[in-house]
Amino acid sequence: MANPPAVLMVELVMSIDRMIQSAQSANEKQSHLVIPGEWPAQVVLGHVSQVDEQVWMPRIAQMCHALEAGEKPPSFTWWEPDANATYDRFSEMSLSEASALAMSVRTQLLSVVKDLTPEQWAATAEHDAFGHVDVSGLVIQILTHDEEHRASLI
């Protein structure tokens, strides 16, 4: 049985909350450590915010638009914001600012999906990494992406 939209929406909020809590904990326990190649907690949160805003929300919109217009489902490649630019943008941001941004952008994402019809939840796309995916499956990928980055904080 597929995950009901209501469950996925709750998970979107819980996931970003867990990430913020993990970031705060990492900051408290490891604020004196600098690990080469690892992003500090505020950059991780900034990155997740960017991906919500620049990848997930536009792609959900494209999927729904194609469905409503009777067009072929869109095709997506793997893309994320530039890592160096992400670091430069968020490395000097306070953790509280990055946390607020992450929650704000995730709330925007939640606003996008909360109003989807059952038909829109079933809108599809082809993704070079995920294969044939509907909006519900894309939300699962959002949650997976969150957990991959949260793992770097714990």
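Side-chain contact between L67 and C64: absent, with no pair of heavy atoms (C-beta onward) separated by less than 4.5 Å. Between M63 and F76 there is a side-chain heavy-atom pair separated by less than 4.5 Å. Proximity of L12 to V139: side-chain heavy atoms (C-beta onward) are separated by under 4.5 Å at one or more points. A heavy-atom distance below 4.5 Å is not found between the side chains of F90 and E97. Side chains of Q141 and H127 form no contact here, defined as non-hydrogen atoms less than 4.5 Å apart. In this structure, N3 and S136 have side chains that are not in contact, with every pair of non-hydrogen atoms separated by 4.5 Å or more.
Summarising the geometry of D115 relative to S111, their closest heavy-atom pair is OD2-O, 3.7 Å, with the distance given to 0.1 Å. The two atoms that bring G137 and V133 nearest to each other are C-CG2, 3.4 Å, heavy atoms only. Closest of all the heavy-atom pairs between P73 and A66 is CA-CB, 4.4 Å. When all heavy atoms are compared, the tightest approach of D128 to W78 is OD1-N, 3.0 Å. For the pair A41 and L95, the tightest heavy-atom approach, listed with the atom from each and the gap, is CB-CD1, 4.0 Å.
A salt bridge links R18 and E11; the closest N-O separation between the charged side-chain nitrogens and carboxylate oxygens is under 4.0 Å. A salt bridge links R106 with D146; the closest basic N to acidic carboxylate O contact falls under 4.0 Å.
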_Assess the residue pair L143 and E147 against the criterion (side-chain contact (heavy atoms from CB on, under 4.5 Å)); give the C-alpha distance rounded to whole Å, side-chain angles, the decisive distance to 0.1 Å, and a yes or no._
CA-CA 6 Å; L143 297 169; E147 285 304 304; 5.9 Å; no
*Start with the C-alpha distance between L45 and L101, add both sets of side-chain angles, then the distance that settles side-chain contact (heavy atoms from CB on, under 4.5 Å), and finish with yes or no.*
CA-CA 8 Å; L45 290 173; L101 176 65; over 6 Å; no
*Which is it for V112 and Q108 under the side-chain contact (heavy atoms from CB on, under 4.5 Å) test, yes or no, and what are the steps along the way?*
CA-CA 6 Å; V112 166; Q108 291 171 31; 5.8 Å; no
*Give the C-alpha distance, both sets of side-chain angles, the deciding distance and a yes or no for side-chain contact (heavy atoms from CB on, under 4.5 Å) between L109 and I16.*
CA-CA 11 Å; L109 174 59; I16 200 66; over 6 Å; no
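One side chain, Q50 or T86, offers a donor N or O that lies under 3.5 Å from an acceptor on the other.
In this structure, CD on Q24 lies 7.0 Å from CD on Q21, to the nearest 0.5 angstrom. Here the CE-CZ distance, from M19 to R150, works out to 7.5 Å after rounding to the nearest 0.5 Å.
Residues meeting the ring pair (Phe, Tyr, Trp, His ring centres under 6.0 Å) test with H149, sequence neighbours left out: H47, H145. Listed by chain and residue number, nothing satisfies the salt bridge (Lys or Arg N to Asp or Glu O under 4.0 Å) test with D134 (two or more places apart in sequence, or in another chain).
Results of the side-chain contact (heavy atoms from CB on, under 4.5 Å) test with L138 over T124, V55, I60, V113 single out I60 as the only residue that passes.
Counting non-hydrogen atoms of neighbouring residues, nucleotides and ligands closer than 6.0 angstrom, the CD atom of E92 reaches no more than 12 such neighbours.
Both V13 and V105 are members of a single hydrophobic cluster when ILVMFWY side chains are connected at heavy-atom separations under 4.5 Å. Taken together through direct or relayed side-chain contacts under 4.5 Å among Ile, Leu, Val, Met, Phe, Trp and Tyr, Y87 and V51 form part of one hydrophobic cluster. Taking hydrophobic clusters as Ile, Leu, Val, Met, Phe, Trp and Tyr residues chained together by side-chain heavy-atom distances below 4.5 Å, L116 does not share a cluster with V10. Clustering ILVMFWY residues whenever any of their side-chain heavy atoms sit less than 4.5 angstrom apart, transitively, puts I20 in a cluster other than the one holding M14.
The aromatic rings of W56 and F130 sit parallel to each other, their planes meeting at less than 30°, with 60° as the upper class boundary.
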